[in-house]
Amino acid sequence: MDKLRTYFDAMNGTSDWSSVKPLFDDLFHDALVVVTANGELDRDAWGNAVQGMLAAGTKVSDLTMHSHDDGTIHYYTTITETNGTVIKVSSTATLKDGKIVHVQPFDHAA
């Protein structure tokens, strides 16, 4: 999914939400739910979280994606925070109307 790659690429090297927001709007469905270790976030809360990551200088690298016939995308990426913390992300994104409507951690055991 080119929109996902473009979105992640745009997050690197900028702290400017206004340059990423149009890509965010094009990628994420209005009914978005993002499941995290701390609970579920709606679209507005996820947008606020992304703004915070951008402001903090978070970098995204090593994106790998696999699209599936059932309307899901499994993606893997590395997030590096400015304090040196490295987070390996494995997620499943579900599409609706050509946009991501649900994101949850990918269960490798399933």
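- For the atom pair H66 NE2 and H74 NE2, the distance stands at 9.5 Å (nearest 0.5 Å).
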### Message
Run the side chain to side chain donor-acceptor pair (under 3.5 Å) test on D16 and T14 for me, step by step, so that the C-alpha distance in whole Å, both residues' side-chain angles and the decisive distance to 0.1 Å come before the verdict.
### Response
CA-CA 5 Å; D16 181 18; T14 187; 4.9 Å; no

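- With sequence neighbours excluded, the residues that form a side-chain hydrogen bond (donor to acceptor under 3.5 Å, both in side chains) with D70 are T72.
- The aromatic rings of F28 and Y7 lie perpendicular to each other, with more than 60° between the two planes, well past the 30° mark.
- Annotation: side chain of Y76 is not in contact with side chain of D62 (no heavy-atom distance under 4.5 Å).
- The only option from T94, V34, L95, V33 that meets the side-chain contact (heavy atoms from CB on, under 4.5 Å) definition with I100 turns out to be L95.
- Closest non-hydrogen pair, P22 versus S18, comes out as CD-O, 3.2 Å.
- Note: F106 and Y75 fail the aromatic proximity criterion, with ring centroids not under 6.0 Å apart.
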#### Entry: Working for side-chain contact (heavy atoms from CB on, under 4.5 Å), residues V60 and T78
CA-CA 6 Å; V60 180; T78 302; over 6 Å; no

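- Taking 4.5 Å as the limit, every side-chain heavy atom of L27 sits out of range of all side-chain heavy atoms of K99.
- Under the rule for a salt bridge (Lys or Arg N to Asp or Glu O under 4.0 Å), K59 has no partner lying at least two apart in sequence or in another chain.
- Transitive grouping of hydrophobic side chains (ILVMFWY, heavy atoms separated by less than 4.5 Å) brings L41 and L54 into a common cluster.
- Residue pairs meeting the side chain to side chain donor-acceptor pair (under 3.5 Å) criterion with at least one partner in residues 34-46, sequence neighbours excluded, are D25-R43.
- Contact detail for T77 and S61: the closest heavy-atom pair is OG1-O, 2.7 Å.
- The structure places CE of M53 at 14.0 Å from OG of S15, a figure rounded to the nearest 0.5 Å.
- What you find for T82 and A56 is that their closest heavy atoms are CG2-O, 2.5 Å.
- Shown here for L23 and A10, the closest heavy-atom pair between the two residues is CD1-CB, 3.3 Å.
- Side-chain contact between N48 and V50: absent, with no pair of heavy atoms (C-beta onward) separated by less than 4.5 Å.
- K3 places a side-chain N or O within donor-acceptor distance of the main-chain N or O of G98, the cut-off being under 3.5 Å.
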### Task
Dump the intermediate steps for side-chain contact (heavy atoms from CB on, under 4.5 Å) on E81 and V86, then the final yes or no.
CA-CA 6 Å; E81 298 177 346; V86 175; over 6 Å; no

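- In this structure, CG on L32 lies 6.5 Å from CZ on F24, to the nearest 0.5 angstrom.
- We find the CE-OG distance between M65 and S91 to be 13.0 Å, quoted to the nearest 0.5 Å.
- Side-chain contact between L63 and R5 is present, with at least one heavy-atom pair separated by less than 4.5 Å.
- Rounding to the nearest 0.5 Å gives a distance of 12.5 Å between NZ of K96 and NE2 of H102.
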